[in-house]
> 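One structure follows; several queries about it will come next.
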Amino acid sequence: MLENKFKEDFAQKAAEAFKSQYQDKYKEIGDEQVFSASFIIANIEKPKDPSKGRFAFPVFRYGKLLGDNPPSIASKISEAISNSENQLITVTSIVGFINVQTNFEIEASETIKTAIRQDAKYGSSDIGKNKKILVEYSSPNIAKPFGIGHIRTTILGHSLRRIFLKLGYEAIGLNYLGDWGTQFGKMIVAYKKWADDSIAGKETVEDLLKLYVRFHGEAEENEDLETQARDEFKKLESGDAENKALWEKFREISINEFQRVYDVMGIEFDWITGEAFLNDKMETTIDAFEKANLVSQSDGATIVDLKDDQLPPVLLKKADGATLYLTRDLSGYLYRVKEYNFDEMLYVVAVNQSVHFQQMFKALAMLEDAQFVPDENRMSSKGKHIEFGMIKFGDKMMSTRKGHIIFLEDVINEAAKLAKEKIAEKTPDLENIDEVALQIGLGAIFYSQMSVRRQKDVNFKWEEVLSFEGETGPYLQYTHARLSSLIRKFNSPMDAEIDFSLLDNKEEKRIVELVADFPQAVADAARMYEPNMIANHLIELAAAFNKFYQRKNADGKPDKIISDNKELSKARILLVKSVQIVIREGLYLLGIKAPEAM
RNA sequence: GCCCUCGUAGCUCAGUAGGAUAGAGCAUCGGUUUCCUAAACCGAGUGCCACAGGUUCGAUUCCUGUCGAGGGUACCA
């Protein structure tokens with residue numbers, strides 16, 4: 001918390017300045033709250049234009065209180081601070097803002113040393129200490145292939161897990177497979193009717209998809225199929241052996257396929273489970289709602305009326321007695337409460353399921369109300385739907401049912417292929433070409449999802465996902481490779497005394513600021529459940545570094561990082577090292593690998 | 001009908017605890033490589049921040065309404 005050192009110094013001095021400059025008013029007002037250092041520090045902000053100052057403090061709110069105009073207040077306070085002993089900061093004032101510059105040598109020295117000392121831990125903190133957070137993500141449906149539609153939940157959730165781990169949380173990544181539900185009735189009907197005997201036992205997910213698509217195609221003509229599907233699922237749920245065997249077959253084919261894709265993508269989970277896991281817990285859940293007197297019958301179905309105009313009732317059981325997705329999710333929540341006693345339970349699921357989660361959280365709250373659970377023990381409010389926008393293709397929604405699907409693996413293969421071509425052209429003697437090509441391909445894909453705020457719908461465009469130039473994953477990776485290359489090239493020891501005052505141009509200054517602000521970016525990303533904030537920060541840092549890398553001296557000659565000026569080179573290479581750490585760790589938080597060369 | 005999300009440059013998007021002249025990338029045009037990786041860098045132009053009100057010293061940001069796009073709205077997930 002290096003930055004605080006400067007902020008605290010400023011806040012302290014500003015508080016004193018208010019007291020001395022406005023003695024009479026200060027006493028009259030009596031309320032010292034808004035003049036306290038802690039209030040000031042909380043209201044410090046960052047100018048959009050970094051050249052204005054490292055941070056700023058607007059004084060408009062004091063205008064009425066002090067009976068003085070803001071520009072005058074700002075100038076009086078800043079003058080008073082300037083007249084005091086200042087090691088750390090320099091202040092100036094303009095139109096009601098007090099702008100603060102930090103002592104750059106100190107900030108540079110401490111930022112760089114901290115980053116290098118903490119290395120992979122840079123940006124971490126202990127704000128999540130003793131807190132447990134569950135993150136449910138990916139959660140593909142069995143018997144459907146892994147499509148591009150699954151990419152956002154997978155990448156977002158995976159990144160959030162890593163971000164929370166970095167902040168000291170016990171973060172548990174959960175893959176909750178859609179391995180139960182009426183869709184299996186559909187699959188079973190389709191399989192029994194149309195399965196190709198010649199490939200029996202060797203079916204792939206694609207074969208299952210064909211059956212699924214055919215079912216929906218024919219069901220449009222023949223409504224009876226839907227009824228048959230419900231019957232088959234009902235049979236499955238009551239333990240029919242033949243259907244159980246088919247279900248296990250579908251499940252195994254899918255899981256093997258998923259695992260292969262996760263391995264390629266480098267996606268990790270702490271617990272892979274599924275809806276079927278909850279089958280024996282459903283009755284307990286329904287009992288709990290019954291005991292709480294929340295259950296009623298409606299049109300033959302077993303429901304919980306949420307007493308809310310905005311929300312449809314929760315269906316615990318369909319008229320035929322079979323359970324639904326929501327029943328299973330409620331059971332899952334109650335199970336996880338018991339098993340993990342979490343502080344937060346994040347559901348990284350697309351926005352089209354928002355009603356589902358509203359229903360779920362409301363039902364859980366009603367259950368706790370009925371059970372008179374005291375506030376401090378309530379768990380129902382700890383669930384959060386981390387929603388994200390839909391993926392469209394050619395401006396249309398993707399629909400698995402209609403077979404409109406882009407296989408994630410095809411996207412990955414295509415990206416890796418293009419990356420490999422590019423390497424062959426640029427760095428043909430690179431050793432581990434295939435490995436790096438995959439890293440870059442994945443970097444492009446991952447970044448394309450991370451560069452947009454999660455609430456936005458995104459239109460899948462091959463040329464955007466496969467772009468390696470401009471604000472992209474490969475740009476960050478390329479920058480990392482450059483940084484790594486510099487460090488390799490500078491093969492003198494780095495432990496000598498460094499004169500950080502040699503770092504004095506505006507490019508170096510900007511880089512130090514961005515390195516120093518990385519921990520804040522990580523914390524912000526966690527607060528907003530928005531990895532995009534880290535992606536943005538990395539792009540800014542990479543751009544600042546690349547600018548520095550290609551900067552020219554006044555004479556128009558390249559100002560090289562490694563030069564004959566030994567002392568300057570040493571200081572700069574440490575700066576380079578700190579940037580490398582931030583880019584590498586930042587990319588890690590996004591789930592992207594940082595190659596040493598490419 | 002009702003509910004949720006989104007609406008910023010030609011295109012894709014940042015701007016996320018309200019702040020000082022609204023920023024990037026792509027695309028277009030021009031420049032930079034005797035090379036610390038040109039997947040880069042430099043320069044050039046573009047905006048009634050959907051619209052209308054409100055709150056505030058100050059609104060792209062918060063509130064209300066309108067319009068537009070997408071999603072959802074009990075026996076799918």
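Below, chains carry the letters A, B, ... as their sequence lines are ordered, and counting in each starts from 1.
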> Which part of the nucleic acid does A:L311 contact within heavy-atom distance under 4.0 Å: base, sugar-phosphate only, or nothing?
nothing
> Going by modelled atom types, is there a donor-acceptor pair between the base of B:rA74 and the side chain of A:S298 at under 3.5 Å?
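By the distance-only test, yes, there is a pair.
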> When the P atoms of B:rA50 and B:rA14 are compared, how many Å lie between them, rounded to an integer?
13 Å
> Identify whether NZ of Lys or CZ of Arg in A:R482 sits under 6.0 Å from the centre of the six-membered ring of A:Y549 and within 45° of that ring's axis.
yes
> When we call it a touch if two heavy atoms are under 4.0 Å apart, what does A:I423 touch: a base, just sugar-phosphate, or nothing?
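Contact class for A:I423: base.
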> Salt bridge check: are A:E567 and A:K570 linked by an N-O gap of less than 4.0 Å?
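Yes, this pair counts.
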> Is the distance between the ring centroids of A:W180 and A:F233 under 6.0 Å?
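Yes, they do, as the ring centres are separated by less than 6.0 Å.
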> How is A:P70 classified with respect to the nucleic acid when contacts are heavy atoms under 4.0 Å: base, sugar-phosphate, or nothing?
nothing
> For A:A350, which contact category applies under a 4.0 Å heavy-atom criterion: base, sugar-phosphate, or nothing?
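Since no nucleic acid heavy atom lies under 4.0 Å of A:A350, the category is nothing.
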> Using the P atom as the reference point in each nucleotide, state the distance between B:rA22 and B:rU61 in Å, no decimals.
15 Å
> Mind checking A:G181 for me? I need base, sugar-phosphate or nothing, with any heavy atom below 4.0 Å counting as a touch.
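If one applies the 4.0 Å heavy-atom cut-off, A:G181 turns out to touch the sugar-phosphate alone, with no base involved.
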> A:Y549 stacking on B:rA40: centroids under 5.5 Å, ring planes under 30°?
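The ring of A:Y549 is not stacked on B:rA40.
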> For the backbone of A:G63 and the side chain of A:D68, can you confirm whether one donor and one acceptor N or O come within less than 3.5 Å of each other?
no
> When the P atoms of B:rA24 and B:rC62 are compared, how many Å lie between them, rounded to an integer?
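Here B:rC62 and B:rA24 have their P atoms 23 Å from each other.
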> Indicate, with a heavy-atom threshold strictly under 4.0 Å, whether A:K52 touches base, sugar-phosphate, or nothing.
base
> Taking the side chain of A:Y475 as heavy atoms from C-beta outward, which of B:rA40, B:rA20, B:rG19 is closest to it?
B:rA40
> When you get a sec, tell me which of B:rC6, B:rA17, B:rA20 is the closest nucleotide to the side chain of A:R527?
B:rA17
> Any Lys/Arg nitrogen of A:E425 or A:K422 sitting under 4.0 Å from an Asp/Glu carboxylate oxygen of the other?
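Salt bridge flag = no for A:K422 with A:E425.
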> Whole-Å distance between B:rG70 C1' and A:Q353 CD?
16 Å
> Look at all strands and tell whether A:R328 reaches a base, only sugar-phosphate, or nothing, counting heavy atoms closer than 4.0 Å.
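It contacts sugar-phosphate atoms only.
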> Hey, is the side chain of A:K489 pairing donor to acceptor with the base of B:rU37 inside 3.5 Å?
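For A:K489, whose side chain was compared with the base of B:rU37, there is no donor-acceptor pair (under 3.5 Å).
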> Using the side-chain heavy atoms of A:T182, tell me which of these nucleotides is nearest: B:rA77, B:rA24, B:rU37.
B:rA77
> Between B:rA9 and B:rG71, how far apart are the two P atoms, rounded to whole Å?
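Going atom to atom, P in each nucleotide, I get 23 Å.
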> Assess the residue pair A:K362 and A:D308 against the criterion (salt bridge (charged side-chain N to carboxylate O under 4.0 Å, His left out)); give the C-alpha distance rounded to whole Å, side-chain angles, the decisive distance to 0.1 Å, and a yes or no.
CA-CA 9 Å; A:K362 181 77 194 284; A:D308 186 330; 3.7 Å; yes
> What's A:L324 touching, base or sugar-phosphate or nothing? Going by heavy atoms closer than 4.0 Å.
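Contact class for A:L324: sugar-phosphate only.
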> Does a side-chain N-to-carboxylate-O contact under 4.0 Å join A:R572 and A:E508?
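A:E508 and A:R572: salt-bridged.
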> On a whole-Å scale, what distance lies between the C1' atoms belonging to B:rA77 and B:rG72?
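Approximately 13 Å lies between the C1' atom of B:rA77 and that of B:rG72.
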> Categorize A:A42 for me: base, sugar-phosphate, or nothing, with a 4.0 angstrom heavy-atom threshold over every strand shown.
nothing
> For nucleotides B:rU46 and B:rG53, find the distance between their P atoms and express it as a whole number of Å.
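Each nucleotide's P atom is 27 Å from the other's.
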> Within the modelled atom types, does a donor on one side and an acceptor on the other bring the side chain of A:N99 and the base of B:rA20 under 3.5 Å apart?
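Such a pair exists between side chain and base.
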> In terms of the nearest nucleotide of RNA chain B, which residue is placed more toward the 5' end: A:A542 or A:E471?
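Closest to the 5' end, via its nearest nucleotide, is A:E471.
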> Hey, is the main chain of A:D517 close enough, under 3.5 Å, to the side chain of A:Q520 for a donor-acceptor pair?
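Checking the backbone N and O of A:D517 against the side chain of A:Q520, no donor-acceptor pair under 3.5 Å is found.
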> Using only modelled atom types and a 3.5 angstrom limit, is any donor from either the side chain of A:Q550 or the base of B:rA40 paired with an acceptor on the other?
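Between B:rA40 and A:Q550, which were checked side chain against base, a qualifying N/O pair under 3.5 Å is present.
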> Classify A:E540 by what it touches in the nucleic acid, base, sugar-phosphate, or nothing, heavy-atom distance under 4.0 Å.
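No contact.
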> From C-beta outward on A:P312, which listed nucleotide comes closest to its side chain: B:rU37, B:rA40, B:rA74?
B:rA74
> Report the distance from atom CZ of A:F468 to atom P of B:rC26, rounded to the nearest whole Å.
15 Å
> With respect to the side chain of A:E464, which nucleotide from B:rG70, B:rU12, B:rA20 is positioned closest?
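Closest nucleotide to the A:E464 side chain: B:rU12.
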> Can you figure out which of B:rG72, B:rG70, B:rA77 approaches the side chain of A:V355 most closely?
B:rG72
> Just call it for A:E45: base, sugar-phosphate, or nothing, with non-hydrogen atoms closer than 4.0 Å on any strand.
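Result for A:E45 = base.
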> Starting at atom CZ of A:F460, determine the distance to atom C1' of B:rU12, rounded to an integer number of angstrom.
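It is 15 Å, rounded to the nearest whole Å.
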> Using heavy atoms to find the nearest nucleotide of RNA chain B for A:S563 and A:Y325 separately, return the residue whose nucleotide is more 5′.
A:S563
> Could you state the atom-to-atom distance from CG of A:D457 to C1' of B:rC13 in whole Å?
14 Å
> Tell me which nucleotide among B:rC6, B:rA24, B:rA20 gets nearest to the side chain of A:K456.
B:rC6
> Tell me, what's RNA chain B's dot-bracket, Watson-Crick or G-U with both distances under 3.5 Å, | for other-strand, [ ] crossing?
(((((((..((((.....[...)))).(((((.......))))).....(((((..]....))))))))))))....
> Please tell me which of the listed nucleotides, B:rG15, B:rU8, B:rA74, lies nearest to the side chain of A:N536?
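Within the option list, the nearest is B:rG15.
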> A:N532 side chain: which of B:rC42, B:rG15, B:rA77 is closest?
B:rG15
> Is it the case that atom CG in A:D49 sees more than 12 heavy atoms from other parts of the structure closer than 6.0 Å?
yes
> For B:rC29 and B:rU34, measure between their P atoms and round to the nearest Å.
25 Å
> Where the side chain of A:V452 is concerned, which of B:rC57, B:rC13, B:rA20 is the nearest nucleotide?
B:rC13
> Classify the nucleic acid contact of A:E596 as base, sugar-phosphate or nothing, counting any heavy atom under 4.0 Å across all strands shown.
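The answer is base, as A:E596 lies within the cut-off (heavy atoms under 4.0 Å) of a base atom.
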> What are the atom names and distances for every N/O pair under 3.5 Å that joins the protein to nucleotides 59-68 of chain B?
from   : atom 1 : to    : atom 2 : distance (Å)
B:rU60 : O4     : A:K48 : NZ     : 2.7

> Using the P atom as the reference point in each nucleotide, state the distance between B:rA44 and B:rG23 in Å, no decimals.
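Here B:rA44 and B:rG23 have their P atoms 14 Å from each other.
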